[in-house]
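Side chains included, hydrogens not; waters and symmetry mates left out as well; all remaining heavy atoms used. The model shown is predicted, which means the values in this text are computed figures rather than measured ones. Residue numbers start from 1 in every chain, and the chains themselves are labelled A, B, ... in the order their sequence lines are given, proteins ahead of strands.
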Protein chains: 2
Amino acid sequence: MVLPPVSDADLDRAFAALADPVRRAIIARLSRGAATVNELAEPFEISKQAVSKHIQVLEQAGLVSRTRDAQRRPVHLEAARLEAMTAWIDRYRLAAEQRFRALDAVLEHSTAPGSARATTQISTDKEKQS
Amino acid sequence: MVLPPVSDADLDRAFAALADPVRRAIIARLSRGAATVNELAEPFEISKQAVSKHIQVLEQAGLVSRTRDAQRRPVHLEAARLEAMTAWIDRYRLAAEQRFRALDAVLEHSTAPGSARATTQISTDKEKQS
DNA sequence: TCCTTGATCAACTAATAGGTTGATTACAAC
DNA sequence: GTTGTAATCAACCTATTAGTTGATCAAGGA
């Protein structure tokens, strides 16, 4: 499976798109299957035009795509872009967690209360995260 | 590990926070260890005040926290909030992928033998008509 | 053809976000 | 005390965004 490259600007748009509760609800709905604009607009109080704009934002973010079916324009979820987002997050989340575990292991072996704390920075990290 | 509840507004702020390339770069830097505002501001062309604002945004999003060390206010990554974001995304991404696989399996058995074109795009189109 | 439905386009408004510069707070070293 | 350093506060500017209403387009169905 070939994954297309995801640029910095792509991530900008993808994260910004999911920063809105209406758009996240649309994503949640689409995870159960494709839907038209009218179907997607039904649960919300806002106008159909506003929902159409939200879908455009999601489409430009690469999170959804649209096909054609007579007058209808069914919207589909693009799971690949969601995957690219988790890939970005996990890259740094896992790096940080691994660093914390390594730090815990070090402190495990040097439990010397009262000794000089030359590394206030590191010990602060430990206290905050454990 | 105790995971605190993450509200809708929390997700709003978290996703909006990662929608900015400067803030994503800050997260990437912090995954290698805590840093001060001056250290974080160094790679960027923008003013230190602007970086300070970015850190406030990340802090209000629950993605970083700050401790105290004399005049310095070292910034730490909060991996738990990153994990909450991937949890949200994966919930719907995996649901969609599972649905696609199930549809592919159906098309595998019902379509004429010869060419298997049960791609996700086509399967969603067919799914809509059911 | 005319009418209905699905969806977008266009223009406008109010609120928010990212950036700037200048002043101010908090702490430490001398 | 005075000075130097780390960081934030305050005021301001500009661009973007989410929402509105009204008009328009595109495709079927009578």
How many Å lie between CZ on Arg72(B) and P on dA6(D), as a whole number?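 From Arg72(B) CZ to dA6(D) P: 6 Å.
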For Arg66(A) and dG6(C), what is the distance between atoms CZ and P respectively, to the nearest whole Å?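 After rounding, the gap between these two atoms is 16 Å.
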What pairs with Ala9(B) under side chain to side chain contact (heavy atoms under 4.5 Å, CB included), at least two apart in sequence or on another chain?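 Only Ser7(B), Arg13(B) meet the side chain to side chain contact (heavy atoms under 4.5 Å, CB included) criterion with Ala9(B).
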The criterion is side chain to side chain contact (heavy atoms under 4.5 Å, CB included); which residues satisfy it with Ala19(A), sequence neighbours excluded?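 Once residues adjacent in sequence are excluded, the partners of Ala19(A) under the side chain to side chain contact (heavy atoms under 4.5 Å, CB included) criterion are Phe15(B), Ala16(B).
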Kindly write out the residues that satisfy side-chain hydrogen bond (donor to acceptor under 3.5 Å, both in side chains) with Glu59(A), not counting sequence neighbours, or none if the list is empty.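 Only Arg66(A) meet the side-chain hydrogen bond (donor to acceptor under 3.5 Å, both in side chains) criterion with Glu59(A).
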What residues, two or more places apart in sequence or in another chain, satisfy side-chain hydrogen bond (donor to acceptor under 3.5 Å, both in side chains) together with Arg29(B)?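 Once residues adjacent in sequence are excluded, Arg29(B) has no partner under the side-chain hydrogen bond (donor to acceptor under 3.5 Å, both in side chains) criterion.
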Please list, for nucleotides 17-24 of chain D, all pairs of protein and nucleotide N/O atoms separated by less than 3.5 Å.
{"unit_1": "dA18(D)", "atom_1": "OP1", "unit_2": "Arg23(A)", "atom_2": "NH1", "d": "3.3"}
{"unit_1": "dA18(D)", "atom_1": "OP1", "unit_2": "Arg23(A)", "atom_2": "NH2", "d": "2.9"}
{"unit_1": "dG19(D)", "atom_1": "OP2", "unit_2": "His54(A)", "atom_2": "NE2", "d": "2.2"}
{"unit_1": "dG19(D)", "atom_1": "N7", "unit_2": "Lys53(A)", "atom_2": "NZ", "d": "3.3"}
{"unit_1": "dG19(D)", "atom_1": "O6", "unit_2": "Lys53(A)", "atom_2": "NZ", "d": "2.3"}
{"unit_1": "dT20(D)", "atom_1": "OP2", "unit_2": "Ser47(A)", "atom_2": "N", "d": "3.0"}
{"unit_1": "dT20(D)", "atom_1": "OP2", "unit_2": "Ser47(A)", "atom_2": "OG", "d": "2.8"}
{"unit_1": "dG22(D)", "atom_1": "O6", "unit_2": "Gln49(A)", "atom_2": "NE2", "d": "2.7"}

Roughly what angle, to 10°, lies between the helix axis at the start of the helix from dT1(C)-dA30(D) to dC30(C)-dG1(D) and the one at its end, five pairs per end?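 For the helix from dT1(C)-dA30(D) to dC30(C)-dG1(D), the axes at opposite ends meet at about 10°.
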Pairs flagged by salt bridge (charged side-chain N to carboxylate O under 4.0 Å, His left out) wherever residues 84-95 of chain A is involved - sequence neighbours left out: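 Passing the test, one end in residues 84-95 of chain A: Asp90(A)-Arg93(A), Arg93(A)-Glu97(A).
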List the atom pairs, donor and acceptor, that lie under 3.5 Å between side-chain atoms in residues 39-56 of chain A and the rest of the protein, sequence neighbours left out.
{"unit_1": "Glu39(A)", "atom_1": "OE1", "unit_2": "Thr36(A)", "atom_2": "N", "d": "2.9"}
{"unit_1": "Ser47(A)", "atom_1": "OG", "unit_2": "Ala50(A)", "atom_2": "N", "d": "3.2"}
{"unit_1": "His54(A)", "atom_1": "ND1", "unit_2": "Arg23(A)", "atom_2": "NH1", "d": "3.1"}

Can you see if the side chain of Gln56(B) gets near the phosphate of dA7(D) - specifically, an N or O under 4.0 Å from OP1 or OP2?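 For dA7(D), neither OP1 nor OP2 has a side-chain N or O of Gln56(B) closer than 4.0 Å.
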Check this one for me: any side-chain N or O of Asn38(A) less than 4.0 Å away from OP1 or OP2 of dT5(C)?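 Answer no for this pair, as no side-chain N or O of Asn38(A) is under 4.0 Å from OP1 or OP2.
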